[in-house]
Amino acid sequence: MLKVEIDGREVEVPHGSTVMDATNKLGIYVPHFCYHKKLSIAANCRMCLVEVEKAPKPLPACATPVTDGMKVKTASQMAKKAQNSVMEFLLINHPLDCPICDQGGECQLQDLAVGYGGSASRFEEAKRVVLHKDIGPLVAAEEMSRCIQCTRCVRFGQEVAGVMELGMIGRGEHAEIVAFVGQSVHSELSGNMIDICPVGALTSKPFRYSARTWELARRKSVSPHDGLGSNLVVQVKQNKVMRVLPLENEAINECWLSDKDRFSYEALNSDERLTRPMLKKNGQWEETDWQTALEFAVNGLNDFGVLASPHATLEELFLAGKLGGPADFRLRHADFSGDGKRDGIPWLGMPIADLAKLDRVLVVGSFLRKDHPLIAQRLRQAAKRGTQIHVLHSVDDDWLMKIASRKIVPPSGILNSLSSFSEILKGGENAAILLGNFAQQHPQAASIHAAAQAIGVKVGFLGEAANSVGGYVAGLPANGGLPAALAKQALLLLNIDPQLDCPHPVAGAKFIVSLSVFKSDVGDVLLPIVPFTETPGTFVNTEGRVQGFHAAVRPLGDARPAWKVLRVLGTMLGLPGFDFETLDQVRDACLAGRDVQALLSNKIEFESKELKNISGGIQRIADVPIYFADPLARRSAPLQKTRDARMPRAWMNGKLLQTLGVAPGNAVLVKQGHGQVTLAAAQDDKLPDDCVRVAAGHPSTASLGAMFGAVTLECVPAEKAA
């Protein structure tokens with residue numbers, strides 16, 4: 001440890017620390033713009049100049065290494081003069097548009113200008129003008145004249161998101177931040193550039209000019225999307241969610257958010273919101289009152305099953321499971337042979353932060369960047385520090401990190417290929433196998449789990465949704481789970497779009513009650529419930545962390561929290577145990593006598609069975625596009641304008657294209673089961689032979705049904721395609 005004196009106070013810091021690290025440890029603030037604790041050192045803003053004893057001139061605190069016995073003054077006359085001079089230079093070309101700037105009130109430059117800027121400028125020449133940039137539907141770069149070239153956004157792309165989408169061109173007065181020629185910003189983490197921009201150069205395009213920061217009330221919340229459980233700050237004005245920002249939590253999401261977590265709030269006030277109960281009469285939907293709708297629902301719910309969203313709260317899932325019939329939340333799973341053979345609740349197998357401590361990781365069946373953007377970010381940082389990342393999958397997407405080895409096989413080859421990684425993993429002191437969404441949804445999921453366990457290292461599950469662990473805690477699956485529920489004549493659907501969230505057909509049910517946030521054409525009764533911002537609740541993330549949250553705004557229209565609707569339905573059905581008056585009582589009943597951490601286990605008593613080729617023909621590889629994974633994301637207008645929300649295509653390698661006599665861009669008819677769709681063909685030579693990648697969870701491919709299995713492909717003549 002090195003001893004350093006800062007403003008007369010002594011502190012010990014490790015070798016390699018900077019003066020900024022030492023001041024942070026003491027809680028002494030040094031003004032800065034380019035420095036960020038999660039990014040590399042740039043030292044290009046010079047705002048953090050401090051006086052160092054025996055140094056002939058001020059030095060940047062962010063880039064000056066500590067030496068033993070060093071003495072530093074952060075607020076001496078020399079330091080203040082240097083800081084004031086830097087601020088004067090920064091403000092020379094900065095436009096005087098604070099009154100209309102979205103960053104006003106939360107601008108780092110604005111704050112520091114008060115303390116370090118002059119009352120008037122000596123600069124009388126014309127200010128420079130930088131033209132606006134269009135870098136996509138999420139991040140606005142309309143006022144790039146405000147940019148102070150701190151390069152935080154550039155470094156974020158390279159170091160955190162893993163892709164350099166912005167860069168700086170020019171020198172001196174002509175320097176400016178630009179995207180690559182003809183390109184936009186497409187990263188699934190792009191919204192973080194808005195947070196780290198210290199001025200108003202990069203702002204939120206959906207939020208632009210909609211409210212001022214001091215008008216907004218702030219509420220803590222938890223993301224309802226992937227299994228990470230990112231902590232949020234929901235900002236509200238006049239009972240409307242205006243913006244969502246990250247709430248820093250080093251153990252979970254650090255200081256970042258995925259774009260899905262950040263921008264899906266735009267769906268909360270969508271025209272598709274269901275605000276009144278509706279009944280289907282003579283094929284037409286008619287609005288009605290709650291009493292009529294509930295009575296109609298109860299009369300039709302005889303011997304019924306329940307399909308619940310894994311994005312629903314713990315309390316909602318608990319009450320759904322108490323309705324008596326078969327109930328499940330694993331809507332996209334295809335293999336239930338492991339039920340009753342697992343010893344506890346499948347989970348990540350370690351705290352999220354411990355992913356950085358692994359020395360070898362095998363990720364099996366995961367569209368990692370799109371399914372779990374912030375877990376991908378953690379593994380990206382781990383790879384930089386030397387962790388070996390190995391991949392077993394049916395596609396070879398670019399994860400924007402160094403991959404030690406990869407094996408790309410057809411879906412039917414996943415199970416048999418696991419053993420080939422055994423020696424690699426056993427050679428590590430701290431190794432783990434992480435099973436992704438694709439592996440968990442696989443028709444051989446239980447065998448894949450058992451085979452992974454047999455290798456003898458840690459096994460973890462990357463939770464698909466906010467309550468993929470919480471669903472088990474709530475007591476689901478119940479009474480035979482999803483297969484038994486689908487066999488029932490009546491179904492109760494909790495917060496799902498059945499055609500998109502559940503590849504298994506529900507049309508066989510004669511009576512369907514749908515508790516939904518959004519309007520739907522599926523069912524006989526629509527009961528309006530509220531999204532996560534309008535109800536309190538609990539999510540249990542993939543590491544088993546129980547996180548409660550409160551409502552940020554009041555329910556819209558006549559919509560009600562789903563737990564209250566389920567409580568009333570249970571009472572009207574004459575079932576015991578539905579006499580709860582508060583949500584706390586529901587949560588306490590769910591968790592009574594149960595230690596969630598004690599329930600977590602990835603052990604399975606199951607014999608891995610090697611099966612023959614699943615399809616015997618062309619195999620479908622189905623991913624769920626990042627912005628179609630749940631009802632909120634697919635109704636967020638900004639997210640639906642991104643590249644990741646484009647129409648699915650039929651991806652295959654050149655060999656299969658040649659066999660079919662199809663060129664990229666030509667129309668191809670994809671048939672699976674009783675469904676068929678016409679899609680544009682696309683070439684990806686990294687795909688295995690005799691495989692076609694067709695996305696699930698999208699309206700254009702919903703009729704295909706199961707996410708795995710055999711498909712047939714036919715070339716569509718040009719005249720028919722037109």
Side-chain angles (χ1 to χ4, degrees), residues 36 38-40 133-142 144 147 150-168 177-197 201-208 223 225-226 228 230 232 243-246 253-266 363 366-384 389 395-403 462 623-629 633-634 636-646 695:
H36 190 281
K38 295 290 184 180
L39 303 177
S40 63
K133 313 290 190 298
D134 185 0
I135 58 174
L138 304 179
V139 182
E142 298 294 323
M144 293 304 290
C147 178
C150 71
T151 67
R152 279 186 178 183
C153 56
V154 177
R155 285 176 286 143
F156 171 82
Q158 289 177 294
E159 299 164 15
V160 180
V163 56
M164 185 176 177
E165 295 181 296
L166 297 178
M168 189 164 71
I177 300 293
V178 298
F180 288 93
V181 179
Q183 298 293 313
S184 297
V185 172
H186 298 299
S187 167
E188 60 279 359
L189 302 176
S190 67
N192 294 291
M193 293 180 181
I194 301 166
D195 294 338
I196 63 174
C197 181
L202 299 178
T203 54
S204 169
K205 190 168 281 189
F207 177 72
R208 186 173 163 79
S223 168
H225 299 295
D226 63 41
L228 190 72
S230 296
L232 313 176
R243 186 167 60 167
V244 169
L245 298 176
N253 55 301
E254 301 174 78
C255 57
W256 312 123
L257 274 189
S258 70
D259 287 351
K260 180 162 65 172
D261 293 336
R262 183 184 300 271
F263 295 109
S264 64
Y265 75 89
E266 284 285 305
V363 184
S366 176
F367 302 93
L368 187 66
R369 275 181 58 201
K370 306 304 179 182
D371 290 344
H372 306 95
L374 290 178
I375 287 180
Q377 188 275 137
R378 281 193 182 265
L379 290 177
R380 186 174 299 122
Q381 304 312 314
K384 290 180 184 179
I389 310 292
V395 303
D396 189 11
D397 292 338
D398 186 358
W399 286 3
L400 304 175
M401 67 182 79
K402 183 179 179 181
I403 302 297
L462 298 172
D623 60 315
V624 179
I626 181 172
Y627 302 135
F628 284 88
R634 64 177 71 105
S636 171
L639 293 180
Q640 294 307 309
K641 295 176 184 175
T642 63
R643 184 174 66 178
D644 282 314
R646 290 177 180 173

Hey, does [Y] have a side-chain heavy atom less than 4.5 Å from the side chain of [X]?
X	Y	value
L245	L257	no
V139	K205	no
L189	L374	yes
L228	N253	yes

Who passes side chain to side chain contact (heavy atoms under 4.5 Å, CB included) against [X], sequence neighbours left out?
X	result
C150	C34, I148, R152, P198
K38	H36, E250, E254, C255, W256
V178	K133, I169, E176
A629	K260, V624

| message | Under the criterion side chain to side chain contact (heavy atoms under 4.5 Å, CB included), I'd like the reasoning laid out for V154 against M164: C-alpha separation, chi angles, the key distance, then a yes or no. | response | CA-CA 7 Å; V154 177; M164 185 176 177; 4.1 Å; yes
Does [X] use its side chain to pair, donor to acceptor, with the backbone of [Y] at less than 3.5 Å?
X	Y	value
R155	L39	no
S258	P373	no
D371	I626	no
R380	W399	yes
R208	S204	no
E165	H186	yes

Please enumerate all residues that pass ring pair (Phe, Tyr, Trp, His ring centres under 6.0 Å) together with F628, with sequence neighbours excluded.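 Only H698 meet the ring pair (Phe, Tyr, Trp, His ring centres under 6.0 Å) criterion with F628.
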Counterpart residues, ring pair (Phe, Tyr, Trp, His ring centres under 6.0 Å), relative to F207 (two or more places apart):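 By the ring pair (Phe, Tyr, Trp, His ring centres under 6.0 Å) rule, F207 matches no residue at all.
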Could you tell me the separation between the [atom1] atom of [X] and the [atom2] atom of [Y], rounded to the nearest 0.5 Å?
X	Y	atom1	atom2	result
F156	S187	CZ	OG	6.0 Å
L400	L379	CG	CG	12.5 Å
S636	Y265	OG	OH	8.0 Å
L138	T203	CG	OG1	12.0 Å
L166	Q158	CG	CD	10.0 Å

- Pairs satisfying side chain to side chain donor-acceptor pair (under 3.5 Å), at least one member in residues 637-646, at least two apart: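 Non-adjacent pairs meeting side chain to side chain donor-acceptor pair (under 3.5 Å): K370-D644.
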Residues forming a side-chain hydrogen bond (donor to acceptor under 3.5 Å, both in side chains) with [X], sequence neighbours excluded:
X	value
S190	D259
S230	D261
S264	H225

Show the numbers, then the answer: is there a side chain to side chain contact (heavy atoms under 4.5 Å, CB included) between M144 and I177?
CA-CA 8 Å; M144 293 304 290; I177 300 293; 3.8 Å; yes
>> Test of understanding: with salt bridge (Lys or Arg N to Asp or Glu O under 4.0 Å), list the residues that count as partners of R243, not counting sequence neighbours.
In response: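 Partners of R243 under the salt bridge (Lys or Arg N to Asp or Glu O under 4.0 Å) test: E106.
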Practice task
Sequence neighbours left out, what passes salt bridge (Lys or Arg N to Asp or Glu O under 4.0 Å) with D195? Give chain and number order.
Solution key: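 Partners of D195 under the salt bridge (Lys or Arg N to Asp or Glu O under 4.0 Å) test: R262.
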Practice problem: Determine whether more than 12 heavy atoms belonging to other residues, nucleotides or ligands lie under 6.0 Å from atom NZ of K402. | Solution: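 Counting neighbours around NZ of K402, 12 or fewer heavy atoms of other residues, nucleotides or ligands fall under 6.0 Å, so no.
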Which heavy atom in [X] sits nearest to a heavy atom in [Y], and how many Å separate them?
X	Y	result
A383	I389	CB-CG1, 4.0 Å
G191	F263	CA-CE1, 4.2 Å
C153	L202	CB-CD1, 3.7 Å
K384	V160	NZ-N, 4.5 Å

Walk me through whether L368 and M401 qualify under side chain to side chain contact (heavy atoms under 4.5 Å, CB included).
CA-CA 11 Å; L368 187 66; M401 67 182 79; 4.2 Å; yes
